[in-house]
Protein chains: 2
Amino acid sequence: MSRPLILVTNDDGITSKGIRQLVDAVKSIGEVIVVAPDSPQSGMGHAITIGETLRLESVSIFEGIPAYACSGTPADCVKMAKHHVLKDRSPDLVVSGINHGSNTSISVLYSGTMSAAIEGAIEGVPAVGFSVCDYSSDASFDHTVEYIHKIVQNILDNGLPKNVALNVNFPPKRNERLKGMKVCRQARAKWQEEFNERRDPNGRRYFWLAGNFVNMDKGEDNDEWAIANNYVSIVPCQFDLTAYHAISEIDANWDL
Amino acid sequence: MSRPLILVTNDDGITSKGIRQLVDAVKSIGEVIVVAPDSPQSGMGHAITIGETLRLESVSIFEGIPAYACSGTPADCVKMAKHHVLKDRSPDLVVSGINHGSNTSISVLYSGTMSAAIEGAIEGVPAVGFSVCDYSSDASFDHTVEYIHKIVQNILDNGLPKNVALNVNFPPKRNERLKGMKVCRQARAKWQEEFNERRDPNGRRYFWLAGNFVNMDKGEDNDEWAIANNYVSIVPCQFDLTAYHAISEIDANWDL
(Lines give C-alpha, C1' and ligand atoms only; values in the text may rest on other atoms or scores of the structure.)
Protein backbone atom coordinates (compact mmCIF):
# COMPACT_ATOMS: atom_id res chain seq x y z
CA MET A 1 0.00 0.00 0.00
CA SER A 2 1.30 3.46 -0.88
CA ARG A 3 1.93 5.92 1.92
CA PRO A 4 -0.69 8.63 2.50
CA LEU A 5 0.01 12.03 0.95
CA ILE A 6 0.00 14.75 3.60
CA LEU A 7 -0.20 18.43 2.64
CA VAL A 8 1.35 20.70 5.27
CA THR A 9 0.55 24.41 5.49
CA ASN A 10 0.23 27.14 8.12
CA ASP A 11 -0.37 30.85 8.64
CA ASP A 12 2.84 31.92 10.37
CA GLY A 13 4.78 31.45 7.14
CA ILE A 14 6.95 28.72 5.66
CA THR A 15 10.04 29.68 7.69
CA SER A 16 8.34 29.52 11.10
CA LYS A 17 9.37 27.12 13.82
CA GLY A 18 5.89 25.63 14.08
CA ILE A 19 5.61 24.34 10.51
CA ARG A 20 9.05 22.72 10.80
CA GLN A 21 7.87 20.89 13.92
CA LEU A 22 4.75 19.75 12.10
CA VAL A 23 6.72 18.49 9.10
CA ASP A 24 9.00 16.58 11.47
CA ALA A 25 5.98 15.14 13.30
CA VAL A 26 4.19 13.78 10.21
CA LYS A 27 7.02 12.75 7.87
CA SER A 28 7.27 9.32 9.49
CA ILE A 29 3.58 8.73 8.76
CA GLY A 30 3.32 9.65 5.09
CA GLU A 31 4.68 11.35 2.01
CA VAL A 32 4.81 15.07 2.76
CA ILE A 33 4.44 18.14 0.58
CA VAL A 34 4.54 21.71 1.91
CA VAL A 35 2.70 24.67 0.37
CA ALA A 36 2.71 27.57 2.81
CA PRO A 37 2.67 31.38 2.86
CA ASP A 38 5.97 33.16 2.09
CA SER A 39 5.29 35.62 4.94
CA PRO A 40 3.25 35.66 8.17
CA GLN A 41 -0.52 35.63 7.61
CA SER A 42 -1.85 35.60 11.16
CA GLY A 43 -5.40 36.84 11.61
CA MET A 44 -6.18 36.42 7.91
CA GLY A 45 -9.38 34.52 8.63
CA HIS A 46 -10.74 32.88 5.50
CA ALA A 47 -9.29 35.53 3.19
CA ILE A 48 -8.47 34.63 -0.41
CA THR A 49 -6.59 36.65 -3.03
CA ILE A 50 -8.97 37.82 -5.71
CA GLY A 51 -7.89 41.33 -6.68
CA GLU A 52 -4.16 40.66 -6.86
CA THR A 53 -1.79 38.18 -8.44
CA LEU A 54 -0.17 35.20 -6.72
CA ARG A 55 3.41 33.95 -6.76
CA LEU A 56 4.53 30.40 -6.08
CA GLU A 57 8.20 29.44 -5.71
CA SER A 58 9.82 26.09 -5.04
CA VAL A 59 12.07 26.26 -1.95
CA SER A 60 14.58 23.80 -0.48
CA ILE A 61 14.32 24.28 3.26
CA PHE A 62 13.00 20.90 4.44
CA GLU A 63 15.41 18.05 3.79
CA GLY A 64 14.04 15.69 1.15
CA ILE A 65 10.59 17.24 1.15
CA PRO A 66 9.14 19.23 -1.75
CA ALA A 67 8.07 22.67 -0.57
CA TYR A 68 6.52 25.76 -2.15
CA ALA A 69 6.28 29.29 -0.80
CA CYS A 70 3.12 31.09 -1.89
CA SER A 71 2.49 34.84 -1.72
CA GLY A 72 -1.15 34.30 -0.80
CA THR A 73 -3.23 33.48 2.27
CA PRO A 74 -3.45 30.06 3.97
CA ALA A 75 -6.70 29.34 2.08
CA ASP A 76 -4.94 30.27 -1.20
CA CYS A 77 -2.15 27.81 -0.33
CA VAL A 78 -4.57 24.89 -0.03
CA LYS A 79 -6.31 25.84 -3.28
CA MET A 80 -2.96 26.16 -5.10
CA ALA A 81 -1.69 22.89 -3.66
CA LYS A 82 -4.80 20.98 -4.70
CA HIS A 83 -5.50 22.54 -8.09
CA HIS A 84 -2.06 23.58 -9.33
CA VAL A 85 0.83 21.83 -7.57
CA LEU A 86 -0.75 18.38 -7.14
CA LYS A 87 -3.41 18.60 -9.83
CA ASP A 88 -4.18 14.97 -10.64
CA ARG A 89 -3.58 13.66 -7.16
CA SER A 90 -5.52 14.66 -4.09
CA PRO A 91 -3.87 14.78 -0.67
CA ASP A 92 -5.14 12.24 1.87
CA LEU A 93 -4.83 14.76 4.66
CA VAL A 94 -4.28 18.50 5.17
CA VAL A 95 -2.45 19.51 8.35
CA SER A 96 -2.04 23.18 9.25
CA GLY A 97 0.21 24.73 11.90
CA ILE A 98 1.64 24.32 14.39
CA ASN A 99 0.32 27.81 15.13
CA HIS A 100 2.21 30.02 17.55
CA GLY A 101 -0.73 31.04 19.75
CA SER A 102 -4.23 29.96 20.67
CA ASN A 103 -7.03 29.33 18.18
CA THR A 104 -9.64 28.33 20.72
CA SER A 105 -13.16 29.63 20.91
CA ILE A 106 -14.05 32.67 18.75
CA SER A 107 -10.45 32.91 17.51
CA VAL A 108 -11.26 30.13 15.06
CA LEU A 109 -13.01 32.77 12.93
CA TYR A 110 -9.91 34.97 12.67
CA SER A 111 -7.49 32.09 12.32
CA GLY A 112 -5.52 31.58 9.14
CA THR A 113 -4.42 28.19 10.49
CA MET A 114 -7.99 26.97 10.67
CA SER A 115 -9.06 28.59 7.38
CA ALA A 116 -6.52 26.33 5.66
CA ALA A 117 -7.98 23.29 7.41
CA ILE A 118 -11.54 24.33 6.60
CA GLU A 119 -10.53 24.88 2.98
CA GLY A 120 -9.30 21.28 3.00
CA ALA A 121 -12.70 20.13 4.28
CA ILE A 122 -14.46 22.13 1.55
CA GLU A 123 -12.27 20.28 -0.96
CA GLY A 124 -13.39 16.99 0.58
CA VAL A 125 -10.00 16.25 2.19
CA PRO A 126 -9.76 15.33 5.91
CA ALA A 127 -8.08 18.26 7.61
CA VAL A 128 -6.83 19.44 10.97
CA GLY A 129 -5.31 22.63 12.36
CA PHE A 130 -2.85 22.49 15.29
CA SER A 131 -2.13 25.42 17.62
CA VAL A 132 -0.18 25.85 20.84
CA CYS A 133 -1.71 28.29 23.35
CA ASP A 134 1.61 30.02 23.91
CA TYR A 135 2.49 33.30 22.19
CA SER A 136 6.11 33.43 23.36
CA SER A 137 8.73 33.26 20.60
CA ASP A 138 10.53 30.36 22.28
CA ALA A 139 7.32 28.37 22.88
CA SER A 140 7.92 24.66 23.28
CA PHE A 141 6.28 22.24 20.86
CA ASP A 142 7.82 19.02 22.25
CA HIS A 143 4.74 18.01 24.21
CA THR A 144 2.58 18.08 21.07
CA VAL A 145 4.35 15.42 19.00
CA GLU A 146 2.84 12.35 20.68
CA TYR A 147 -0.67 13.76 20.26
CA ILE A 148 -0.16 14.90 16.66
CA HIS A 149 0.82 11.30 15.86
CA LYS A 150 -2.30 9.93 17.59
CA ILE A 151 -4.66 12.43 15.95
CA VAL A 152 -3.20 12.03 12.45
CA GLN A 153 -3.26 8.24 12.76
CA ASN A 154 -6.86 8.30 13.99
CA ILE A 155 -7.92 10.47 11.04
CA LEU A 156 -6.12 8.22 8.53
CA ASP A 157 -7.60 5.08 10.14
CA ASN A 158 -11.15 6.27 10.85
CA GLY A 159 -11.67 9.27 8.57
CA LEU A 160 -13.57 12.33 9.68
CA PRO A 161 -17.28 13.09 9.53
CA LYS A 162 -18.12 14.70 6.17
CA ASN A 163 -17.61 18.47 5.85
CA VAL A 164 -15.77 18.66 9.17
CA ALA A 165 -12.26 19.88 9.98
CA LEU A 166 -10.65 19.55 13.40
CA ASN A 167 -9.44 22.51 15.46
CA VAL A 168 -6.80 21.12 17.83
CA ASN A 169 -5.30 23.32 20.55
CA PHE A 170 -2.51 22.36 22.96
CA PRO A 171 -1.98 23.91 26.39
CA PRO A 172 1.37 25.65 26.83
CA LYS A 173 4.04 23.26 28.05
CA ARG A 174 3.76 22.98 31.84
CA ASN A 175 5.61 20.90 34.41
CA GLU A 176 2.63 18.56 34.67
CA ARG A 177 2.12 16.12 31.77
CA LEU A 178 -0.89 16.63 29.46
CA LYS A 179 -3.93 14.79 30.82
CA GLY A 180 -5.18 13.56 27.44
CA MET A 181 -7.57 14.73 24.74
CA LYS A 182 -11.13 16.11 24.94
CA VAL A 183 -13.53 16.45 22.02
CA CYS A 184 -15.17 19.81 22.75
CA ARG A 185 -17.43 22.56 21.54
CA GLN A 186 -16.19 26.08 20.82
CA ALA A 187 -16.31 28.12 24.04
CA ARG A 188 -18.59 31.17 24.21
CA ALA A 189 -16.04 33.96 24.49
CA LYS A 190 -14.99 37.13 22.70
CA TRP A 191 -12.20 39.63 22.35
CA GLN A 192 -12.82 42.88 24.18
CA GLU A 193 -11.08 45.29 21.84
CA GLU A 194 -8.98 48.29 22.66
CA PHE A 195 -7.27 50.57 20.20
CA ASN A 196 -3.87 51.78 21.24
CA GLU A 197 -3.52 55.26 19.73
CA ARG A 198 -0.08 56.66 18.79
CA ARG A 199 1.45 59.42 16.65
CA ASP A 200 3.81 58.77 13.74
CA PRO A 201 6.97 60.95 13.25
CA ASN A 202 4.80 63.35 11.18
CA GLY A 203 2.28 63.77 13.97
CA ARG A 204 -0.46 61.74 12.28
CA ARG A 205 -2.54 59.32 14.35
CA TYR A 206 -2.32 55.57 13.95
CA PHE A 207 -3.62 52.62 15.94
CA TRP A 208 -2.72 49.17 17.11
CA LEU A 209 -5.55 46.71 17.60
CA ALA A 210 -5.21 45.31 21.10
CA GLY A 211 -7.65 43.43 23.21
CA ASN A 212 -8.38 41.09 26.04
CA PHE A 213 -9.92 37.68 25.72
CA VAL A 214 -13.13 37.44 27.75
CA ASN A 215 -14.49 33.98 28.50
CA MET A 216 -18.25 34.05 29.24
CA ASP A 217 -18.54 30.25 29.25
CA LYS A 218 -19.06 28.39 32.54
CA GLY A 219 -19.31 24.95 30.92
CA GLU A 220 -16.82 22.10 31.18
CA ASP A 221 -17.41 20.75 27.68
CA ASN A 222 -15.64 23.53 25.77
CA ASP A 223 -12.15 24.13 24.47
CA GLU A 224 -11.24 26.88 26.95
CA TRP A 225 -12.03 24.57 29.86
CA ALA A 226 -9.96 21.79 28.30
CA ILE A 227 -6.90 24.02 27.82
CA ALA A 228 -7.18 25.51 31.31
CA ASN A 229 -7.29 21.97 32.72
CA ASN A 230 -4.26 20.75 30.73
CA TYR A 231 -6.13 18.69 28.14
CA VAL A 232 -5.63 18.83 24.38
CA SER A 233 -8.86 20.27 22.94
CA ILE A 234 -10.35 18.95 19.70
CA VAL A 235 -13.27 20.91 18.24
CA PRO A 236 -14.90 19.56 15.06
CA CYS A 237 -15.71 22.59 12.86
CA GLN A 238 -18.11 22.98 9.96
CA PHE A 239 -18.35 25.46 7.11
CA ASP A 240 -22.14 25.56 6.86
CA LEU A 241 -22.79 28.75 8.85
CA THR A 242 -26.60 28.42 8.67
CA ALA A 243 -28.24 28.99 12.06
CA TYR A 244 -30.94 26.38 11.40
CA HIS A 245 -32.85 27.11 14.61
CA ALA A 246 -33.28 30.71 13.49
CA ILE A 247 -35.00 29.92 10.18
CA SER A 248 -38.36 29.01 11.69
CA GLU A 249 -38.07 31.77 14.30
CA ILE A 250 -37.67 34.44 11.63
CA ASP A 251 -40.32 32.87 9.43
CA ALA A 252 -42.79 32.97 12.34
CA ASN A 253 -42.09 36.46 13.67
CA TRP A 254 -41.39 38.51 10.59
CA ASP A 255 -43.79 40.14 8.22
CA LEU A 256 -42.28 38.66 5.05
CA MET B 1 -38.06 58.18 21.22
CA SER B 2 -34.59 58.68 19.79
CA ARG B 3 -33.90 57.34 16.33
CA PRO B 4 -31.94 54.08 16.08
CA LEU B 5 -28.21 54.38 15.44
CA ILE B 6 -27.23 52.49 12.30
CA LEU B 7 -23.57 51.67 11.55
CA VAL B 8 -22.92 51.26 7.82
CA THR B 9 -19.87 49.45 6.48
CA ASN B 10 -18.89 47.28 3.51
CA ASP B 11 -15.98 45.50 1.84
CA ASP B 12 -15.84 47.23 -1.54
CA GLY B 13 -14.55 50.41 0.11
CA ILE B 14 -16.08 53.67 1.27
CA THR B 15 -16.20 55.20 -2.23
CA SER B 16 -18.10 52.32 -3.84
CA LYS B 17 -21.54 52.72 -5.39
CA GLY B 18 -23.05 50.04 -3.17
CA ILE B 19 -22.35 51.69 0.18
CA ARG B 20 -23.79 54.96 -1.09
CA GLN B 21 -26.99 53.14 -2.04
CA LEU B 22 -27.13 51.53 1.39
CA VAL B 23 -26.62 54.86 3.19
CA ASP B 24 -29.40 56.36 1.05
CA ALA B 25 -31.67 53.40 1.84
CA VAL B 26 -31.30 53.55 5.63
CA LYS B 27 -30.92 57.27 6.39
CA SER B 28 -34.69 57.75 6.50
CA ILE B 29 -34.93 55.05 9.19
CA GLY B 30 -32.27 56.11 11.68
CA GLU B 31 -29.21 58.12 12.56
CA VAL B 32 -26.38 56.88 10.34
CA ILE B 33 -22.64 56.64 10.85
CA VAL B 34 -20.26 55.16 8.28
CA VAL B 35 -16.97 53.40 9.12
CA ALA B 36 -15.72 51.56 6.04
CA PRO B 37 -12.47 50.43 4.40
CA ASP B 38 -10.46 53.07 2.55
CA SER B 39 -9.81 50.60 -0.28
CA PRO B 40 -11.48 47.46 -1.68
CA GLN B 41 -11.34 44.46 0.66
CA SER B 42 -13.22 41.81 -1.31
CA GLY B 43 -12.48 38.23 -0.35
CA MET B 44 -10.98 39.25 2.99
CA GLY B 45 -13.10 36.74 4.90
CA HIS B 46 -12.93 37.36 8.62
CA ALA B 47 -9.42 38.83 8.48
CA ILE B 48 -8.33 41.31 11.13
CA THR B 49 -5.22 43.48 11.27
CA ILE B 50 -2.90 42.25 14.01
CA GLY B 51 0.64 42.60 12.68
CA GLU B 52 0.25 46.09 11.19
CA THR B 53 -1.00 49.50 12.23
CA LEU B 54 -4.39 50.98 11.38
CA ARG B 55 -5.35 54.43 10.12
CA LEU B 56 -8.71 56.10 10.56
CA GLU B 57 -9.62 59.37 8.83
CA SER B 58 -12.81 61.42 8.92
CA VAL B 59 -14.15 61.99 5.40
CA SER B 60 -16.95 64.23 4.06
CA ILE B 61 -18.43 62.27 1.21
CA PHE B 62 -21.98 61.57 2.42
CA GLU B 63 -24.02 64.74 2.89
CA GLY B 64 -24.76 65.36 6.57
CA ILE B 65 -23.52 61.95 7.67
CA PRO B 66 -20.37 61.36 9.75
CA ALA B 67 -18.04 58.98 7.93
CA TYR B 68 -14.64 57.44 8.58
CA ALA B 69 -12.29 55.67 6.18
CA CYS B 70 -10.28 52.90 7.84
CA SER B 71 -7.17 51.23 6.46
CA GLY B 72 -8.22 47.86 7.86
CA THR B 73 -10.55 45.02 6.96
CA PRO B 74 -14.36 45.05 7.26
CA ALA B 75 -14.10 43.27 10.63
CA ASP B 76 -11.59 45.91 11.80
CA CYS B 77 -14.06 48.63 10.76
CA VAL B 78 -16.79 47.24 13.01
CA LYS B 79 -14.37 46.87 15.93
CA MET B 80 -13.07 50.43 15.46
CA ALA B 81 -16.57 51.84 15.13
CA LYS B 82 -17.78 50.14 18.30
CA HIS B 83 -14.72 50.53 20.52
CA HIS B 84 -13.11 53.73 19.26
CA VAL B 85 -15.42 55.96 17.21
CA LEU B 86 -18.64 55.40 19.17
CA LYS B 87 -17.14 54.20 22.45
CA ASP B 88 -19.88 54.90 25.00
CA ARG B 89 -22.77 54.29 22.65
CA SER B 90 -23.54 51.01 20.91
CA PRO B 91 -25.12 50.95 17.46
CA ASP B 92 -28.64 49.50 17.29
CA LEU B 93 -27.89 47.87 13.96
CA VAL B 94 -24.93 47.07 11.70
CA VAL B 95 -25.63 47.01 7.96
CA SER B 96 -22.91 45.94 5.52
CA GLY B 97 -22.89 46.33 1.72
CA ILE B 98 -24.44 46.60 -0.68
CA ASN B 99 -21.86 44.18 -2.05
CA HIS B 100 -21.13 44.16 -5.76
CA GLY B 101 -21.46 40.41 -6.35
CA SER B 102 -22.98 37.31 -4.80
CA ASN B 103 -22.33 36.15 -1.25
CA THR B 104 -24.56 33.10 -1.39
CA SER B 105 -23.64 29.59 -0.29
CA ILE B 106 -19.96 28.90 0.49
CA SER B 107 -19.01 32.46 -0.54
CA VAL B 108 -20.20 33.59 2.91
CA LEU B 109 -16.86 32.26 4.26
CA TYR B 110 -14.75 34.41 1.93
CA SER B 111 -16.98 37.45 2.20
CA GLY B 112 -15.73 40.66 3.79
CA THR B 113 -19.31 41.97 3.67
CA MET B 114 -20.54 39.15 5.87
CA SER B 115 -17.51 39.20 8.18
CA ALA B 116 -18.51 42.74 9.14
CA ALA B 117 -22.07 41.60 9.86
CA ILE B 118 -20.87 38.58 11.85
CA GLU B 119 -18.51 40.84 13.81
CA GLY B 120 -21.59 42.91 14.70
CA ALA B 121 -23.32 39.76 15.97
CA ILE B 122 -20.25 38.84 18.05
CA GLU B 123 -20.52 42.31 19.60
CA GLY B 124 -24.17 41.62 20.42
CA VAL B 125 -25.50 44.04 17.81
CA PRO B 126 -28.18 42.92 15.30
CA ALA B 127 -26.48 42.84 11.92
CA VAL B 128 -27.15 42.16 8.26
CA GLY B 129 -25.07 41.98 5.09
CA PHE B 130 -26.61 42.87 1.71
CA SER B 131 -25.26 41.68 -1.66
CA VAL B 132 -26.48 41.86 -5.24
CA CYS B 133 -25.70 38.80 -7.37
CA ASP B 134 -24.40 40.94 -10.24
CA TYR B 135 -20.68 41.51 -10.78
CA SER B 136 -21.08 44.09 -13.57
CA SER B 137 -19.74 47.55 -12.77
CA ASP B 138 -23.03 49.19 -13.72
CA ALA B 139 -25.15 46.73 -11.67
CA SER B 140 -28.52 48.14 -10.69
CA PHE B 141 -29.41 48.42 -7.00
CA ASP B 142 -32.84 50.06 -7.46
CA HIS B 143 -34.79 46.86 -6.92
CA THR B 144 -33.19 46.33 -3.50
CA VAL B 145 -34.38 49.47 -1.70
CA GLU B 146 -37.92 48.33 -0.90
CA TYR B 147 -36.58 45.09 0.61
CA ILE B 148 -33.76 46.73 2.55
CA HIS B 149 -36.41 48.94 4.19
CA LYS B 150 -38.56 45.91 5.06
CA ILE B 151 -35.66 43.88 6.44
CA VAL B 152 -34.16 46.72 8.49
CA GLN B 153 -37.59 47.61 9.89
CA ASN B 154 -38.27 43.97 10.79
CA ILE B 155 -34.92 43.70 12.60
CA LEU B 156 -35.52 46.94 14.52
CA ASP B 157 -39.09 45.88 15.41
CA ASN B 158 -38.52 42.19 16.18
CA GLY B 159 -34.80 41.87 16.86
CA LEU B 160 -32.80 38.90 15.69
CA PRO B 161 -32.18 35.54 17.38
CA LYS B 162 -29.11 35.80 19.62
CA ASN B 163 -25.68 35.33 18.00
CA VAL B 164 -27.16 35.43 14.50
CA ALA B 165 -26.42 37.77 11.57
CA LEU B 166 -28.39 37.78 8.34
CA ASN B 167 -26.87 37.13 4.93
CA VAL B 168 -29.21 38.79 2.39
CA ASN B 169 -28.65 38.30 -1.33
CA PHE B 170 -30.63 39.94 -4.14
CA PRO B 171 -31.01 38.48 -7.64
CA PRO B 172 -29.65 40.69 -10.41
CA LYS B 173 -32.25 43.13 -11.69
CA ARG B 174 -34.41 41.37 -14.26
CA ASN B 175 -37.47 42.45 -16.24
CA GLU B 176 -39.70 40.44 -13.92
CA ARG B 177 -40.33 41.93 -10.46
CA LEU B 178 -38.82 40.17 -7.41
CA LYS B 179 -41.19 37.50 -6.08
CA GLY B 180 -40.56 38.22 -2.39
CA MET B 181 -38.22 36.98 0.36
CA LYS B 182 -37.27 33.44 1.41
CA VAL B 183 -35.55 32.52 4.68
CA CYS B 184 -33.07 29.86 3.53
CA ARG B 185 -30.17 27.66 4.42
CA GLN B 186 -26.73 28.03 2.84
CA ALA B 187 -26.61 25.99 -0.39
CA ARG B 188 -24.16 23.10 -0.65
CA ALA B 189 -21.83 24.39 -3.35
CA LYS B 190 -18.17 25.17 -3.89
CA TRP B 191 -15.75 27.02 -6.11
CA GLN B 192 -13.90 24.79 -8.55
CA GLU B 193 -10.58 26.60 -8.69
CA GLU B 194 -8.35 27.20 -11.65
CA PHE B 195 -5.09 29.07 -11.65
CA ASN B 196 -4.48 31.21 -14.68
CA GLU B 197 -0.71 31.19 -15.22
CA ARG B 198 1.06 34.16 -16.85
CA ARG B 199 4.56 35.62 -17.21
CA ASP B 200 5.57 39.06 -15.97
CA PRO B 201 7.78 41.36 -18.12
CA ASN B 202 10.83 39.71 -16.50
CA GLY B 203 9.70 36.23 -17.49
CA ARG B 204 8.73 35.16 -13.96
CA ARG B 205 5.54 33.18 -13.42
CA TYR B 206 2.53 34.60 -11.63
CA PHE B 207 -1.06 33.44 -11.21
CA TRP B 208 -4.61 34.70 -11.07
CA LEU B 209 -7.03 32.76 -8.94
CA ALA B 210 -10.01 31.95 -11.15
CA GLY B 211 -12.78 29.48 -10.67
CA ASN B 212 -16.26 28.31 -11.45
CA PHE B 213 -19.09 28.10 -8.96
CA VAL B 214 -20.41 24.53 -8.76
CA ASN B 215 -23.80 24.01 -7.14
CA MET B 216 -24.24 20.44 -5.81
CA ASP B 217 -27.51 21.25 -4.04
CA LYS B 218 -30.80 19.95 -5.47
CA GLY B 219 -32.95 21.39 -2.66
CA GLU B 220 -35.46 24.23 -2.91
CA ASP B 221 -34.86 25.59 0.60
CA ASN B 222 -31.43 27.12 -0.06
CA ASP B 223 -30.14 30.52 -1.12
CA GLU B 224 -29.02 29.47 -4.60
CA TRP B 225 -32.51 28.20 -5.41
CA ALA B 226 -34.06 31.42 -4.10
CA ILE B 227 -31.80 33.63 -6.25
CA ALA B 228 -32.31 31.48 -9.36
CA ASN B 229 -36.06 31.78 -8.85
CA ASN B 230 -36.01 35.57 -8.38
CA TYR B 231 -36.52 35.64 -4.62
CA VAL B 232 -34.48 37.64 -2.12
CA SER B 233 -32.59 35.07 -0.01
CA ILE B 234 -32.13 35.55 3.73
CA VAL B 235 -29.76 33.11 5.48
CA PRO B 236 -29.36 33.42 9.26
CA CYS B 237 -25.65 32.82 10.03
CA GLN B 238 -23.91 31.86 13.26
CA PHE B 239 -20.33 32.18 14.46
CA ASP B 240 -20.23 29.00 16.53
CA LEU B 241 -18.54 26.69 14.02
CA THR B 242 -18.83 23.59 16.22
CA ALA B 243 -20.11 20.57 14.28
CA TYR B 244 -22.08 19.28 17.27
CA HIS B 245 -23.14 16.07 15.53
CA ALA B 246 -19.48 15.16 15.06
CA ILE B 247 -18.54 15.32 18.75
CA SER B 248 -20.17 12.03 19.72
CA GLU B 249 -19.14 10.41 16.44
CA ILE B 250 -15.46 11.13 17.10
CA ASP B 251 -15.78 10.22 20.78
CA ALA B 252 -17.24 6.84 19.81
CA ASN B 253 -14.89 5.90 16.95
CA TRP B 254 -11.56 7.22 18.05
CA ASP B 255 -9.01 5.71 20.30
CA LEU B 256 -8.65 8.76 22.56
Side-chain angles (χ1 to χ4, degrees), chain A residues 40 42-51 53-56 75-76 79-80 82-84 106 108-110 115 118 122 154 158 161 163-164 180-181 183-186 190 193-195 205-209 234-247 249-251 253-256, chain B residues 40 42-51 53-56 75-76 79-80 82-84 106 108-110 115 118 122 154 158 161 163-164 180-181 183-186 190 193-195 205-209 234-247 249-251 253-256:
Chain A
S42 293
M44 283 307 277
H46 213 105
I48 51 172
T49 302
I50 53 183
T53 60
L54 288 165
R55 297 279 188 176
L56 185 77
D76 290 331
K79 287 178 186 291
M80 280 209 105
K82 176 104 177 11
H83 296 290
H84 178 78
I106 196 73
V108 67
L109 288 192
Y110 307 110
S115 78
I118 289 173
I122 294 171
N154 263 303
N158 303 309
N163 302 331
V164 162
M181 299 186 270
V183 188
C184 304
R185 63 174 172 81
Q186 173 182 327
K190 59 169 281 194
E193 313 299 349
E194 278 171 33
F195 289 90
R205 288 189 315 166
Y206 70 95
F207 302 88
W208 285 103
L209 172 59
I234 303 178
V235 177
C237 296
Q238 61 193 6
F239 51 82
D240 180 352
L241 303 192
T242 310
Y244 285 92
H245 65 282
I247 292 179
E249 192 174 332
I250 295 170
D251 256 334
N253 294 338
W254 280 33
D255 170 29
L256 291 166
Chain B
S42 293
M44 283 306 277
H46 212 105
I48 51 172
T49 302
I50 53 183
T53 58
L54 288 166
R55 297 282 187 172
L56 184 77
D76 290 330
K79 287 178 186 292
M80 282 210 103
K82 176 103 180 5
H83 296 289
H84 178 79
I106 196 72
V108 69
L109 288 193
Y110 308 109
S115 78
I118 289 172
I122 294 171
N154 263 302
N158 303 310
N163 302 332
V164 161
M181 299 186 270
V183 188
C184 302
R185 63 174 172 81
Q186 174 183 325
K190 58 170 280 193
E193 313 300 349
E194 282 172 29
F195 288 90
R205 287 189 315 165
Y206 68 95
F207 301 88
W208 286 103
L209 171 59
I234 302 177
V235 177
C237 295
Q238 61 193 6
F239 50 83
D240 180 354
L241 303 192
T242 310
Y244 285 92
H245 65 282
I247 292 178
E249 193 172 334
I250 295 170
D251 256 335
N253 293 340
W254 279 33
D255 171 27
L256 290 168

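As the structure is a prediction and not an experimental result, all values here were calculated from the model. We name chains A, B, ... by the order of the sequence lines, and we start the count at 1 in each one.
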Ile122(B) side, atom CD1; Leu109(A) side, atom CG - distance, nearest 0.5 Å: 5.0 Å
Greatest number of heavy atom pairs closer than 4.5 Å to chain A - which of Asp251(B), Ile247(B), Asn158(B), Val235(B): Ile247(B)
Among Met80(A), Met44(A), His245(A), residue most engaged with chain B (heavy-atom pairs, under 4.5 Å): Met80(A)
Shortest non-hydrogen contact between Val164(B) and Ala243(A), atoms and distance: CG2-CB, 3.7 Å
Short side-chain to backbone donor-acceptor contact, Arg205(A) and Leu56(B), under 3.5 Å: yes
Considering all heavy atoms, the nearest His46(B)-Ile118(B) contact: CE1-CG2, 3.9 Å
Chain A interface, residue from Asp76(B), Ile250(B), Leu54(B), Ile234(B) that has the most non-hydrogen pairs under 4.5 Å: Leu54(B)
Interchain contact, Asp240(A) with chain B, by part (heavy-atom threshold 4.5 Å): both
Interface moiety of Phe239(B) toward chain A, non-hydrogen atoms closer than 4.5 Å: both
Minimum heavy-atom distance Pro161(B)-Ala246(A), with the two atoms named: CG-CB, 3.7 Å
Top contributor to chain B contacts, counting heavy-atom pairs under 4.5 Å, from Ile106(A), Ile48(A), Thr49(A), Val108(A): Ile48(A)
Glu193(B) versus chain A, the contacting section by heavy-atom distance below 4.5 Å: both
Winner by heavy-atom pair count (cut-off under 4.5 Å) against chain B, out of Glu249(A), Met181(A), Glu194(A): Glu249(A)
Proximal component of Lys190(B), with respect to chain A [non-hydrogen, under 4.5 Å]: side chain
Derivation and outcome, side chain to side chain contact (heavy atoms under 4.5 Å, CB included), residues Thr53(B) and Trp208(A): CA-CA 5 Å; Thr53(B) 58; Trp208(A) 285 103; 3.3 Å; yes
Residue pair Asn163(A), Gln238(A): steps toward the side chain to side chain contact (heavy atoms under 4.5 Å, CB included) verdict: CA-CA 6 Å; Asn163(A) 302 331; Gln238(A) 61 193 6; 5.9 Å; no
Largest heavy-atom contact set with chain B, pairs under 4.5 Å, which of Pro236(A), Cys237(A), Gly51(A), Gly45(A): Pro236(A)
Chain B contacts, top residue of Trp254(A), Phe195(A), Tyr206(A) (heavy-atom pairs, under 4.5 Å): Trp254(A)
